[in-house]
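One structure below.
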Amino acid sequence: MNIVLFNKDLRISDHQPLAEAAKAGEVLPLYIFEPSLWKETALSARHFQFIVESLEELAKGIEGKGGRLLYAIDEVERVLDNLLDIYDSINLFAHKDYRLIDKAEKWVKQNEQVLFTFGPELEDVRDKQFDHRLNSYLKEMLAEVPSKIDVPLKTPDFLLTDLKKLKNFKFKGNKIRFGQQGGEGNAEETLDSFLEGRFSNYIENSQKPLPSSLSSSRLSAYITWGNISIRSIYQKTAEKSQACELEEGKKQLDEFLSKLIARIKVSSMERQNEQLADLSVIKREWNEDWYRRWLAGRTGIPIIDAAMKSLDKTGWMNFSLRGMVISFITNSLLLDEEKPSTALAELYLDYEPALHDYYIQLYSGLRGKMKIMDPVKIGRQLDPDGAFIRRYIPELSRLPAEYIHEPWLYPGFYQLGYDAPMVDVKKVNKYARLQYHEFMGRGKPGRQKTVGDDEQLSFDI
Ligand SMILES: Cc1cc2nc3c(=O)[nH]c(=O)nc-3n(C[C@H](O)[C@H](O)[C@H](O)COP(=O)(O)OP(=O)(O)OC[C@H]3O[C@@H](n4cnc5c(N)ncnc54)[C@H](O)[C@@H]3O)c2cc1C
């Protein structure tokens, strides 16, 4: 039996494993929900929601070709064992980045079955041939799934034909009401609307909090869950760029393409044996109250709070805000990055472990210099009139612009009902810099913290 293992490739267009399996004979398209994966990783209710929306559309697409998408709720090895009891032999078809590829590879070896994998050979970005291979992959013809998919007459009883049973699944976190919805159609619409005009201020706006939600492509969640393939985005964009009459348009699209390529490169970086800095000696003792206020968007520092509230609501933030919120908690407040990183991963709809971990490490100083940012200053640069802050913090919606980034300076501050800042940013940053410079200079811990340090760091209104 030819079994297609769907994973983070929830689409029909440019789906090579499905195309090849359909050419080989009868196909059983399968999506496995592994309970252990949902329990042990940062996958959350909002990811589940997006996946279900994607699967519903995928199922319709497969039905349209005469096939049927099936589901299993179990560990991947057990599902495959059960299938092997039913079928004499199994050919698995999957993309190379199938999340459970190690398990599938081990299983086929142990059971003498066959696994066909598809996708570019892009394992190590330092390889001299990397750029060449990437370039050819991006320009390759897209895979076309045949118009008819043959299904076996009878499918195993233990496989599910709909998603109702999944309602008993337990998830972390909350669903999103105002975020992007999963599915191939939505992915294509998002790309089309970007190429039809939203791209025109990409460079200027993609790091500004409010304008970025329109001027950025907003494709990240669709790429993460494979509702659209990167090479189809690449090809459509390159075509649009060629057709652009104005140099300015080409410039915007080239910048966007460079981001897509950055994604592939960061995802392909060889991470084993990497030496990360050990900053544990300068970290503060864990402060649950600070952490909770940061996560809830109640630090009293408007740009941080607006960013965290927008993430909770929409599941998305632009690059600069992502860097700023993690830098604030790990570098300014000197808290360990592990818990904040997991909390953010649960909230980002586009959570992709390779990218997320890399940038969290970069922004919390584990991969080089620890950058200590001033969120008030950054807020002024990114959101000068405070439109983003006003959108997400209603208490500040009518505050005059001159106070929007430092509302505690407003004479009527206590009437606003907004939180007083939990720390004085200047003081915590000064303290963090001192700790870091001592650590770097002498290669040993900074000044031992004494009782009363925290009091010195609190805000002096
Ligand atoms: C701490 C931190 C964590 C991050 N975690 C993730 C994550 O889990 N998943 C994720 O998709 N992105 C992550 N990013 C990268 C980036 O912030 C998002 O890809 C981007 O904000 C998505 O919005 P967009 O699709 O509108 O991007 P656009 O600007 O329109 O870019 C198009 C695509 O290129 C890729 N991309 C854009 N910027 C980068 C970059 N600097 N490096 C690598 N790829 C890029 C994304 O796939 C994106 O969809 C993270 C960044 C930081 C600083």
Side-chain angles (χ1 to χ4, degrees), residues 8 41-44 46-47 50 97 99 122 125 134 138 179-180 186-187 190-195 198-234 236-238 240 252-269 304 307-308 310-311 314-331 337-338 340-367 371 373 378 382:
K8 293 175 92 174
T41 65
L43 290 176
S44 66
R46 55 183 62 193
H47 300 129
F50 196 90
D97 61 357
R99 197 169 23 179
L122 297 171
V125 76
L134 173 58
L138 290 172
Q180 293 174 286
N186 287 329
T190 305
L191 175 61
D192 290 346
S193 70
F194 180 66
L195 295 180
R198 288 196 292 115
F199 78 91
S200 57
N201 292 312
Y202 178 75
I203 297 173
E204 195 191 330
N205 287 348
S206 64
Q207 299 314 321
K208 293 181 187 162
L210 261 195
S212 62
S213 63
L214 201 74
S215 293
S216 242
S217 75
R218 306 296 310 274
L219 283 165
S220 55
Y222 298 115
I223 298 175
T224 289
W225 300 106
N227 287 169
I228 191 162
S229 75
I230 288 198
R231 66 179 174 182
S232 65
I233 302 175
Y234 181 89
K236 255 192 170 173
T237 308
K240 172 78 188 183
Q252 306 284 340
L253 291 172
D254 284 352
E255 179 67 17
F256 166 69
L257 286 179
S258 76
K259 297 284 193 251
L260 274 187
I261 289 174
R263 180 184 181 113
I264 300 174
K265 291 193 168 171
V266 174
S267 310
S268 310
M269 278 160 87
I304 301 277
M308 294 304 285
S310 80
L311 174 60
T314 67
W316 184 81
M317 271 203 269
N318 72 24
F319 188 87
S320 301
L321 294 181
R322 293 185 202 219
M324 182 190 68
V325 296
I326 192 67
S327 167
F328 178 70
I329 191 154
T330 60
N331 302 345
E337 79 288 346
E338 195 178 324
S341 168
T342 307
L344 290 171
E346 285 174 16
L347 291 167
Y348 289 132
L349 207 46
D350 60 21
Y351 167 51
E352 181 64 65
L355 281 176
H356 182 76
D357 294 351
Y358 174 79
Y359 283 118
I360 292 281
Q361 289 159 2
L362 193 70
Y363 275 88
S364 46
L366 303 177
R367 296 183 159 268
K371 271 199 238 152
M373 304 180 186
I378 294 188
L382 297 177

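Remember, it's 1-based here, ligands and their atoms both numbered in the order they're listed. Along the sequence shown, the residues carry numbers beginning at 1.
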Query raised in the report: Between Trp225 and His47, how do the two ring planes meet: parallel, tilted or perpendicular, split at 30° and 60°?
Result: tilted

Report summary line: Heavy-atom proximity to atom 46 (C) of ligand 1 ranks first, among Arg198, Arg263, Met317, Lys259, for Arg263

Query - Which of the ligand 1 atoms, numbered from 1, are nearer than 4.0 Å to a heavy atom of Leu355 - result: 9 (N), 10 (C), 11 (O), 12 (N), 43 (C)

Requested in this report: Check each of Ser216, Ala354, Ser267, Ser220 against atom 19 (O) of ligand 1 and report the one with the nearest heavy atom.
Outcome: Ser220

Query raised in the report: With only distance considered, is Arg322 within less than 3.5 Å of ligand 1 through an N or O on each side?
Result: yes

Requested in this report: Heavy-atom distances under 4.0 Å are what count here, so tell me which part of Ile223 touches ligand 1: side chain, backbone, both or neither.
Outcome: side chain

Query raised in the report: Mind checking whether Phe256 has an N or O less than 3.5 Å away from an N or O of ligand 1?
Result: no

**Report entry** Separation between OG of Ser216 and CG of Asn318, rounded to the nearest 0.5 Å
**Finding:** 6.5 Å

**Report entry** Side chains of Thr224 and Asp350, donor plus acceptor under 3.5 Å
**Finding:** no

Report task. Evaluate the side-chain proximity of Ile329 to Val325: yes if any heavy-atom separation is below 4.5 Å, no if none is. Result -> no

Query - Which of the ligand 1 atoms, numbered from 1, are nearer than 4.0 Å to a heavy atom of Tyr351 - result: 8 (O)

Query raised in the report: Do Arg263 and Ser268 get their side chains close enough for a donor-acceptor pair, meaning under 3.5 Å?
Result: no

Query raised in the report: Under 3.5 Å, is there a donor-acceptor pair between the Thr190 and Arg218 side chains?
Result: no

**Report entry** 4.0 Å heavy-atom contact, Tyr358 with ligand 1
**Finding:** no

**Report entry** Six-ring centre of Tyr348, Arg322 cation under 6.0 angstrom, axis tolerance 45°
**Finding:** yes

Query raised in the report: At a 4.0 Å threshold, what atoms of ligand 1 neighbour a non-hydrogen atom of Ser217?
Result: 24 (P), 25 (O), 26 (O), 28 (P), 30 (O), 32 (C)

Requested in this report: Using only heavy-atom distances, determine whether the side chains of Ser320 and Gln207 contain a donor-acceptor pair under 3.5 Å.
Outcome: yes

**Report entry** Residues, nucleotides or ligands: over 12 heavy atoms within 6.0 Å of Glu338 CD
**Finding:** no

Report task. Kindly identify the option in Phe199, Tyr222, Tyr202 whose heavy atom sits closest to atom 29 (O) of ligand 1. Result -> Tyr202

Report summary line: ligand 1 atoms nearer than 4.0 angstrom to some heavy atom of Glu352 are 7 (C), 8 (O), 9 (N)

Query raised in the report: How far is atom 24 (P) of ligand 1 from its nearest protein heavy atom, and which residue and atom is that?
Result: Arg218 N, 3.7 Å

Query raised in the report: Hey, does Ala262 sit under 4.0 Å from ligand 1 if you only count heavy atoms?
Result: yes

Query - Nearest option to atom 52 (C) of ligand 1, as decided by whichever heavy atom of Tyr348, Tyr363, Tyr359 sits closest - result: Tyr359

Requested in this report: May I ask whether Trp316 places a heavy atom under 4.0 Å from ligand 1?
Outcome: yes

**Report entry** Under 3.5 Å: N/O of Ser206 near N/O of ligand 1
**Finding:** no

Query raised in the report: With ring centroids as reference points, do Phe50 and Tyr351 lie under 6.0 angstrom apart?
Result: no

